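Hydrogens, waters and symmetry mates play no part in the numbers below; they use all other heavy atoms, side chains included. These numbers come from a predicted model, not from an experiment.
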Amino acid sequence: MMTTFKMSDLQKVANQSMTPPPCDTTMQITAHEAMDGIAYGTWEVDRNYINGIGVAMGGFLSAAADIMMAYAISSKLTDKQGFASIDLDTTFHRPVFEGEVEITSKVERLGRTLAYVVTELEQNGKKAATCVSSILIKTMEDE
């Protein structure tokens with residue numbers, strides 16, 4: 001049975017004191033820090049993410065960004081709250097190749113029911129993609 005993570009659990013993952021959710025390990029994403037609405041992590045891109053023209057498939061970049069956005073927003077919420085992405089837009093600036101990608105996610109705006117989060121993915125010090133997401137904030141009573 002799958003474990004459901006609370007907001008504080010995601011913070012423990014970012015502090016390396018708890019095992020990450022399956023999507024993180026499947027995508028080879030490591031959260032390094034998440035605090036005050038900002039999350040930092042890395043993505044190890046290997047040949048499994050490379051498409052037929054020799055670059056990482058764009059959907060994987062969006063997925064990597066979405067994972068780190070979860071850490072950023074969770075650092076602003078309580079265990080009585082949850083979230084769900086309702087929109088995710090990605091702009092690609094340059095191709096990503098095998099190797100490490102640095103990911104930074106930041107909560108730009110946080111309201112009572114919606115948040116706006118921006119993520120940048122960089123490889124070799126150059127911006128590869130920017131993702132923005134609208135995230136629905138909900139309380140456990142909403143379920």
Side-chain angles (χ1 to χ4, degrees), residues 1-111 113-138 140 142-143:
M1 175 155 176
M2 168 120 158
T3 302
T4 301
F5 285 69
K6 299 179 289 188
M7 299 304 103
S8 60
D9 292 336
L10 292 175
Q11 296 309 292
K12 290 175 187 172
V13 171
N15 295 325
Q16 289 78 45
S17 62
M18 189 171 175
T19 302
C23 62
D24 294 26
T25 53
T26 299
M27 283 285 300
Q28 301 174 181
I29 303 276
T30 302
H32 298 291
E33 182 180 1
M35 184 187 310
D36 298 322
I38 302 173
Y40 302 99
T42 51
W43 174 32
E44 287 300 323
V45 179
D46 65 23
R47 62 186 208 83
N48 292 314
Y49 301 102
I50 303 301
N51 65 19
I53 60 171
V55 300
M57 188 74 169
F60 290 126
L61 275 75
S62 296
D66 196 37
I67 288 170
M68 288 310 300
M69 287 177 176
Y71 289 101
I73 191 67
S74 71
S75 73
K76 300 290 277 183
L77 302 179
T78 70
D79 281 346
K80 293 184 179 184
Q81 295 174 298
F83 59 89
S85 296
I86 56 175
D87 184 52
L88 179 66
D89 294 307
T90 305
T91 301
F92 302 100
H93 303 289
R94 62 180 32 85
V96 166
F97 303 96
E98 288 185 52
E100 186 176 272
V101 173
E102 296 176 1
I103 308 170
T104 304
S105 292
K106 182 178 181 183
V107 177
E108 294 285 328
R109 285 187 298 244
L110 177 63
T113 58
L114 287 175
Y116 181 77
V117 184
V118 177
T119 298
E120 290 190 354
L121 294 92
E122 292 186 354
Q123 189 173 47
N124 300 320
K126 296 179 181 176
K127 190 185 307 183
T130 304
C131 297
V132 295
S133 181
S134 298
I135 298 176
L136 178 68
I137 308 299
K138 58 185 181 173
M140 296 310 194
D142 293 339
E143 307 240 333

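- With contacts defined as side-chain heavy-atom distances shorter than 4.5 Å, the pair Ile73/Ile137 qualifies.
- Residue Arg94 qualifies as enclosed at atom CZ: its count of foreign heavy atoms under 6.0 Å is above 12.
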Solution key, residues 82-93 side-chain donor-acceptor pairs under 3.5 Å, sequence neighbours excluded:
| unit_1 | atom_1 | unit_2 | atom_2 | d |
| --- | --- | --- | --- | --- |
| Ser85 | OG | Asp66 | OD1 | 3.1 |
| Thr90 | OG1 | Ser62 | OG | 2.7 |
| His93 | NE2 | Thr130 | OG1 | 2.8 |

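- Note that OG1 of Thr104 is 8.0 Å distant from CE of Met68, once rounded to the nearest 0.5 Å.
- Between Glu100 and Thr42 the shortest heavy-atom distance is CD-CG2, 3.7 Å.
- Taken to the nearest 0.5 Å, the CG atom of Asn48 stands 9.0 Å off from the CD atom of Glu98.
- Remark: the backbone N or O of Tyr71 is paired with a side-chain donor or acceptor of Ser74 at under 3.5 angstrom.
- No donor-acceptor pair closer than 3.5 Å links the side chain of Gln28 to the backbone N or O of Thr26.
- Rounded to the nearest 0.5 Å, atoms NZ (Lys6) and CD (Gln81) are 14.0 Å apart.
- Closest heavy-atom contact between Ser75 and Ile38: OG-N, 4.1 Å.
- The environment of Met18 atom CE is dense: over 12 non-hydrogen atoms of other residues, nucleotides or ligands sit within 6.0 angstrom.
- Of all the heavy atoms in Phe5 and Pro20, the pair that sits closest is CZ-C, 4.0 Å.
- Proximity of Pro21 to Asp24: side-chain heavy atoms (C-beta onward) are separated by under 4.5 Å at one or more points.
- In terms of heavy atoms, Val96 sits closest to Leu61 at CG2-CD2, 3.6 Å.
- Sorted by first and then second residue, the pairs that involve residues 19-57 and meet ring pair (Phe, Tyr, Trp, His ring centres under 6.0 Å), not counting sequence neighbours, are Trp43-Tyr49, Tyr49-Phe60.
- The nearest pair of heavy atoms linking Thr19 to Val13 is O-CG2, 3.6 Å.
- Lys76 and Val107 get closest at one heavy-atom pair: CG-CG2, 4.2 Å.
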Where do Ile50 and Val45 land on the side chain to side chain contact (heavy atoms under 4.5 Å, CB included) test, with the steps shown first? CA-CA 8 Å; Ile50 303 301; Val45 179; 4.1 Å; yes
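- Between Ile103 and Ile29 the shortest side-chain heavy-atom distance falls below 4.5 Å.
- For Asp46, the CG atom counts as densely surrounded, since its 6.0 Å shell holds more than 12 non-hydrogen atoms of other residues, nucleotides or ligands.
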Atom pairs and distances, donor-acceptor, side-chain atoms in residues 116-126, under 3.5 Å, two or more places apart:
| unit_1 | atom_1 | unit_2 | atom_2 | d |
| --- | --- | --- | --- | --- |
| Thr119 | OG1 | Ser105 | OG | 2.6 |
| Glu120 | OE2 | Lys127 | NZ | 3.4 |
| Gln123 | OE1 | Phe97 | N | 2.9 |
| Gln123 | NE2 | Phe97 | O | 2.7 |

